[in-house]
Amino acid sequence: MEELRTALTVGFAAIFTNNILLVYFLGMCPFTSVSREVKTAMGLGFAVIFVMTCTSLLNWVAYHYVLVPLELEFFRFIMFIIVIAAFVQFVEMVIERFSPVLYANLGIFLPLITVNCAILGVSLFMVIRDYSFIVTIAYGFGSGIGWLLAILAMAGIRQRMNTANVPEGLQGPGITLIIAGLMALAFIGFTGVLS
């Protein structure tokens with residue numbers, strides 16, 4: 001029961017107080033490049049939730065049942081990257097084979113996920129913080145939801161900014177990074193909600 005409570009706390013914290021994107025600034029490249037429209041941001045966000053949850057689970061198993069018994073913990077960076085890339089390729093092949101429509105909608109986002117450093121960051125934090133299996137699943141899922149919320153908020157703001165009168169020098173990446181900074185400040189406001 002205590003582990004379940006810890007998992008819920010860690011998962012909730014991963015969404016708000018320890019948001020992987022706005023607190024640790026991991027996954028900024030797809031965040032800034034794919035947040036121009038809400039529809040595409042939502043597609044990428046759901047793909048990130050799925051891949052982040054599954055790869056954190058797979059990397060937990062690989063770390064604790066392969067690397068630790070063989071005393072190869074220093075190999076974790078390479079192992080995690082291999083697991084993430086292999087999982088994304090496998091999911092892409094399965095979706096292409098069984099759901100061409102879904103592949104057409106998500107196909108472009110799946111290869112982008114392989115290079116999303118937030119996915120690798122979740123697996124590394126899982127090891128550094130010594131999370132259990134259940135807590136790791138909650139952390140991976142919560143981090144994915146937090147990433148989705150952040151990119152959806154950014155996409156909504158950027159769509160509204162299309163009709164705003166932004167000074168020429170701030171248009172594009174300039175205003176995007178200012179908005180990201182203000183969003184990070186807003187998420188820092190949740191600090192202390194969970195102890």
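One hydrophobic cluster holds both Leu124 and Phe133 under the rule that ILVMFWY side chains link at heavy-atom gaps under 4.5 Å. Hydrophobic clustering of Ile, Leu, Val, Met, Phe, Trp and Tyr side chains at less than 4.5 Å, counting indirect connections, unites Val51 with Val61. Grouping the Ile, Leu, Val, Met, Phe, Trp and Tyr side chains by contacts below 4.5 angstrom, directly or via other members, places Ile145 with Met42.
With sequence neighbours left out, the side chain to side chain donor-acceptor pair (under 3.5 Å) criterion links Thr40 to no other residue. Applying the side chain to side chain donor-acceptor pair (under 3.5 Å) test to Ser35 and every residue at least two apart in sequence or in another chain returns Arg158. Residues satisfying the side chain to side chain contact (heavy atoms under 4.5 Å, CB included) criterion with Phe16, sequence neighbours excluded, are Phe12, Leu149, Phe187, Phe190. Scanning for ring-ring contact (aromatic ring centres under 6.0 Å, His included) contacts around Phe141 gives an empty result, with sequence neighbours left out. Every residue meeting the side chain to side chain donor-acceptor pair (under 3.5 Å) condition with Glu3, not counting sequence neighbours, appears here in chain and number order: Ser132. In this view, Glu96 and Tyr103 satisfy the side chain to side chain contact (heavy atoms under 4.5 Å, CB included) rule, not counting sequence neighbours.
The side-chain hydrogen bond (donor to acceptor under 3.5 Å, both in side chains) pairs that include a residue from residues 55-69 are Asn59-Ser123, Trp60-His64, where partners are two or more places apart or lie in different chains.
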Using distance only, find each side-chain donor-acceptor pair of residues 18-32 under 3.5 Å and give its atom names and separation, not counting sequence neighbours.
| unit_1 | atom_1 | unit_2 | atom_2 | d |
| --- | --- | --- | --- | --- |
| Asn19 | OD1 | Leu21 | N | 2.8 |
| Asn19 | OD1 | Leu22 | N | 3.1 |
| Asn19 | ND2 | Ile15 | O | 3.1 |
| Asn19 | ND2 | Gly146 | O | 3.0 |
| Tyr24 | OH | Arg129 | NH2 | 2.8 |
| Thr32 | OG1 | Met28 | O | 3.1 |
| Thr32 | OG1 | Cys29 | O | 3.2 |

Which donor-acceptor pairs under 3.5 Å do side chains of residues 160-174 form with protein atoms, sequence neighbours excluded?
| unit_1 | atom_1 | unit_2 | atom_2 | d |
| --- | --- | --- | --- | --- |
| Thr163 | OG1 | Arg160 | O | 3.0 |
| Gln171 | NE2 | Val166 | O | 3.0 |

Validation: residues 66-82 side-chain donor-acceptor distances under 3.5 Å, sequence neighbours left out:
none

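Closest non-hydrogen pair, Met154 versus Ala180, comes out as CE-N, 3.6 Å. Across Ile134 and Ala7, no two heavy atoms sit closer than the pair CG2-CB, 3.9 Å.
Between Ile119 and Val48 the shortest side-chain heavy-atom distance falls below 4.5 Å.
We find the CD1-CD1 distance between Ile157 and Ile179 to be 5.5 Å, quoted to the nearest 0.5 Å. Summarising the geometry, atom CD1 belonging to Ile137 is positioned 9.5 Å from atom SG belonging to Cys54; distances are rounded to the nearest 0.5 Å. Taking CE of Met126 as the start and OH of Tyr139 as the end, the distance is 10.0 Å to the nearest 0.5 Å.
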